[in-house]
Participant: 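This is the structure, below, for whatever I ask next.
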Amino acid sequence: MNLDIADLGKSILGAFKDILKDSWSDTKEYAKGESKKMAQALAQITKLRALGQISEDEAYLLLEMQKNSTRAVLLTIEGIGLITAQRAIDAALKTVADAVNGAIGFTLI
Amino acid sequence: MLYHIWFQVLVMSVLVRNLSAIFVFVPLASCISTISSYDETTDASATQLQKDIDTFLVKMSSSPSLRDRYFSTNQSFYQKAAVDLDSLAIRTQSIPRNDLTVEQVGIIKQHLAEMALGHKGCLKAPWKEEQREAIRTKGVDASLGCRIEYGASLEVADRGQSAFNPVLAPEIKRQFDEAFGALLKLELEKKKLAGGES
């Protein structure tokens, strides 16, 4: 099953906006770029798993790395603390958990 | 004599008052700048490390030989990258108000530690929180085995002949590029702030 990257990106961006609302005017552009990258990465992991090119363990490894890469990007924005960043990531993933887990066939998120 | 003692007390009280002023002034002054200044060594070291890791991952994605993708064949890459990253971590930690960059170097160290464990097939999904903590605190396990104390899901003596999955290489490269890109962007912003190149 193919995931709609644009839909995933919108969901992730919405979650970022909720969490980063206080600094939204400063962080909007970063959040837009990052939500797009995150959506593309999730779609790619799902695709590779569906094709049998990576194992469940490898899919999980890529997801963990993606979460940390997103944290690195959020840390470039001064004033966004680590806790806020972690909240944003968790909330963003939660919004797409059902769609991604359903598509990949196991509980990835 | 009495005058002499009185004079010493006066001098001491002036000194104490001035020292208080200095102690009050120093923390206030250090609060004015909220972020560290640009560090050329951090910039150059991170750029070189990104190049080394990218080169390794391009090799892993394009090498048709299984032996070339064995962990044991590439052990020296992990050893060198771990040392280089430790040096970068020490450098960034020594700079005041550099918490964000220190955290970003920590994330890159995690990436390398996870890639090494993944290369050896030491990670089984889902990970436990203790594993994440071990990966964060212990860093890269460049040994040939899987060690639980380094975040592995299982204890195995020798996984040297575990081969890198070439399909994973471009995806992992993307993750490293994103983390290094974030760190270098922050350095660039610090450079702009200092009135350097725009």
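Order of the sequence lines sets the chain letters (A, B, ...), proteins ahead of strands, with each chain counted from 1.
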Participant: For B:Lys124, is it the side chain, the backbone, both or neither that has a heavy atom under 4.5 Å from a heavy atom of chain A?
Facilitator: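 It is both, since atoms from each part get that close.
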Participant: Do B:Asp52 and B:Gln48 pass the side-chain hydrogen bond (donor to acceptor under 3.5 Å, both in side chains) test, and can you show the C-alpha distance, the side-chain angles, and the key distance before you say yes or no?
Facilitator: CA-CA 6 Å; B:Asp52 294 345; B:Gln48 184 57 51; 3.0 Å; yes
Participant: Tell me whether B:Glu129 is salt-bridged to B:Arg136, with the criterion being a basic N under 4.0 Å from an acidic carboxylate O.
Facilitator: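 Salt bridge present between B:Glu129 and B:Arg136.
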Participant: Measure B:Gln175 against the heavy atoms of chain A and call it side chain, backbone, both or neither at under 4.5 Å.
Facilitator: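 When you check distances to chain A, atoms from both the backbone and side chain of B:Gln175 fall under 4.5 Å.
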Participant: Parallel, tilted or perpendicular: which describes the rings of B:Phe176 and B:His111, with under 30° parallel and over 60° perpendicular?
Facilitator: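 Judged by the thresholds at 30° and 60°, the geometry between B:Phe176 and B:His111 is perpendicular.
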Participant: Going through the checks in order, is the side-chain hydrogen bond (donor to acceptor under 3.5 Å, both in side chains) test met by B:Asp177 and B:Gln50?
Facilitator: CA-CA 7 Å; B:Asp177 287 349; B:Gln50 181 180 22; 3.1 Å; yes
Participant: Which one of B:Gly121, B:Ser153, B:Ala125 has the most heavy-atom pairs closer than 4.5 Å to chain A?
Facilitator: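 Winner by heavy-atom pair count: B:Ala125.
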Participant: Counting only heavy atoms closer than 4.5 Å, note whether A:Leu48 contacts chain B via side chain, backbone, both or neither.
Facilitator: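 Answer is side chain: those atoms of A:Leu48 sit under 4.5 Å from chain B.
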Participant: Which atoms of A:Glu56 are under 4.5 Å from chain B, going by heavy atoms: the side chain, the backbone, both sets, or neither?
Facilitator: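 For A:Glu56, backbone heavy atoms alone lie under 4.5 Å from chain B.
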Participant: Taking atom CD1 of A:Ile104 and atom CD1 of A:Ile45, what is their separation to the nearest 0.5 Å?
Facilitator: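 Going from the CD1 atom of A:Ile104 to the CD1 atom of A:Ile45 covers 7.0 Å.
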Participant: Quick one: pull up CD in A:Glu34 and CG in A:Leu13 and give me the separation to the nearest 0.5 Å.
Facilitator: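 So the gap between those two atoms works out to 11.0 Å.
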Participant: As an exercise: rank B:Leu117, B:Leu168, B:Leu123 by heavy-atom pairs under 4.5 Å with chain A and give me the winner.
Facilitator: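 Looking at each option in turn, the highest pair count goes to B:Leu168.
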Participant: With respect to chain A, which residue among B:Arg174, B:Met115, B:Gln110, B:Lys185 yields the maximal number of heavy-atom pairs within a distance under 4.5 Å?
Facilitator: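 Option with the greatest count: B:Gln110.
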